[in-house]
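First the structure, in the form of structure tokens, and then the observations on it.
Atoms considered below: every heavy atom in the structure, side chains included; atoms not considered: hydrogens, waters and symmetry mates. Protein chains get the first letters and strands the later ones, always in sequence-line order, with residue 1 at the start of each.
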Amino acid sequence: MSGLKIYNTLTNKKEEFKPIDPNHVTMYVCGPTVYDYAHVGNARPVVVFDTLARLLRHDYGALTYARNITDIDDKIIEAARREFPGKSQITNEDIKVISEKFAKVYEEDMAALNAKTPTIQPKATKNINEMIALISDLIEKGHAYVADGHVLFQVSTMKDYGALSGRTVEDLLAGARVDVADYKREAPDFVLWKPSSDDQPGWPSPWGRGRPGWHIECSAMIEKNFGQTIDIHGGGQDLIFPHHENEIAQSKCSHGGANLANYWMHNGYLTVDGEKMSKSLGNYVTVHELVDEFSGKGEAIRLALLSAQYRQPVDFSRDGIKQAMKQLDRWYRLTDGVTATEPSDAVLKALRDDLNTPKAIMELNQLAKNDSNKGILKASATLLGLLGQDNWFEAGLSEDGISAVQIEQLIVERAKAKQEKDFAKADQIRSELAEQGITLLDSPNGTTWEKK
RNA sequence: GGUGCGGUGGCGGAGAGGCUACGCAGCGGAUUGCAAAUCCGUGUACACCGGUUCAAAUCCGGUCCGCACCUCCA
């Protein structure tokens, strides 16, 4: 019994978390469509749910955390067309080249943010049969129909469709404003399976060669890995409708009304000047370039993302990352060589209150005020995925820049100059190092250095 | 139009009826050959207008502003 409270999108309320199995929590978070580099906005759910995963493991012991990889999607097909401009047909193998490349980049970038690899990372193309089985079941149960090579889910067959996003079937039927594809019976119907032309990748199915719709993979993979109901389902707020709504429709209608997830959690957006960071707006920065820009210190990006509570928007700024960096510098200086003990109750309490990371950070600062709390500070920070790097101040040294040995030599030289009261030379060495981002710290016990 | 989320000190950001977090920056001081780091001190802010209350940034009503989603768009 940990007292964890979670804001549930399903009820729009903060609720006490009660796992189905108190000794083993299940969580599924929507992962990337692997067709390009992930931007910082895409990284927010990763960091948020990684933090939640750390808390759940601490509080409940066992956690199975799944994050899917969407490796079949029209965007991937487009990317493959750009990759192979001469090819008239894009095959299943071609899109694999794209998806495997970006799945690998994604994993590396998220690791740079100190996000642990989820327990399982199911791929859509490895679960085609499961999806076909689920679609067939929905057709049998009268919730889906075949039309013009497509299989569509008929939204009006589900009475409580729209419960997650606060919509009603009536409103959706009435509010149709976009051109409705002529193979649809009703405007809100969505695709479960769509036909592939000869130049598109595809898989055989009872409805002809085709590929899955966007939402079906999550339903199928949750069923396969967890059964009918999981504890927590997470993702960005932009997934509430239609993606998660449709996942619920598919799974509930196939499972006789059983909940797909008992708790739905959605993180707010990363914004740039108040607007959502997105590919289409072009106002994005990739994690890849940002990690590079901040000398591999991804933890600073992570802390910047955790500086606001996860449901609030976070405005992206390099200044925010720099602030986070300073914060980490201070904590790292304090906990150098310290062994983590047990996390503090205050930090745990903050995190258990719907993952109140800003409050948790405040509590970390309180711990930092007292030397006797160093071990607790380190253990508590680990819950947030912070203070995990061994040589924080040396991490920024690049291979083509100055080496640690060279720095040490210059420090010795400067110590000699200082002894001889040649302060001009001493200062010159210090400013030369400063130009390379090396800050020297003199103390009674000698001089140490930090790479910024 | 519908639905949802917001507007807090120079900045970031919690809190949610009285005890006015925390961080960054700034300012003053200690320390230092000079710095850095560290330590001490220093800031009564909660969009606007009404109302309730002994007491409101927190509750109620209204207004203004911003953002997001509304079916293939992570």
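- Base pairing in RNA chain B yields stems of at least 3 consecutive Watson-Crick or G-U pairs, both distances under 3.5 Å, namely B:1-7 with B:64-70, B:10-12 with B:22-24, B:26-30 with B:38-42, B:47-51 with B:59-63.
- The stretch residues 317-326 of chain A touches RNA chain B through Gln323(A), Lys326(A), each having a heavy atom under 4.0 angstrom from the strand.
- Heavy atoms of Ser165(A) sit under 4.0 angstrom from primed sugar atoms or phosphate atoms, though from no base atom.
- Just one of Asp74(A), Asp71(A), Asp73(A) meets the salt bridge (charged side-chain N to carboxylate O under 4.0 Å, His left out) condition when paired with Arg211(A); it is Asp74(A).
- Along RNA chain B, the nucleotide nearest to Gly166(A) and the one nearest to Val191(A) differ in position, and the one closer to the 5' end is contacted by Gly166(A).
- A salt bridge links Arg318(A) to Glu293(A): at least one charged side-chain nitrogen sits closer than 4.0 Å to a carboxylate oxygen.
- Between Leu239(A) and Arg167(A), the residue whose closest nucleotide on RNA chain B is further toward the 5' end is Arg167(A).
- Distances shorter than 4.0 Å separate some side-chain N or O of Lys276(A) from OP1 or OP2 on C69(B).
- Side-chain atoms of Arg430(A) come within donor-acceptor range of the base of A35(B), with a qualifying N/O pair under 3.5 Å.
- Ring geometry for His215(A) versus Phe190(A): interplanar angle over 60°, hence perpendicular rather than tilted (30 to 60°).
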query: Which is it for Asp354(A) and Gln309(A) under the side-chain hydrogen bond (donor to acceptor under 3.5 Å, both in side chains) test, yes or no, and what are the steps along the way?
result: CA-CA 9 Å; Asp354(A) 196 32; Gln309(A) 203 264 352; 3.2 Å; yes
Would you list the atom pairs, donor with acceptor, under 3.5 Å between side chains in residues 418-429 of chain A and any protein atom, with sequence neighbours excluded?
{"residue": "Lys418(A)", "atom": "NZ", "partner": "Asp442(A)", "partner atom": "OD2", "Å": "3.3"}
{"residue": "Asp422(A)", "atom": "OD1", "partner": "Lys425(A)", "partner atom": "N", "Å": "3.2"}
{"residue": "Gln428(A)", "atom": "NE2", "partner": "Glu432(A)", "partner atom": "OE2", "Å": "2.8"}

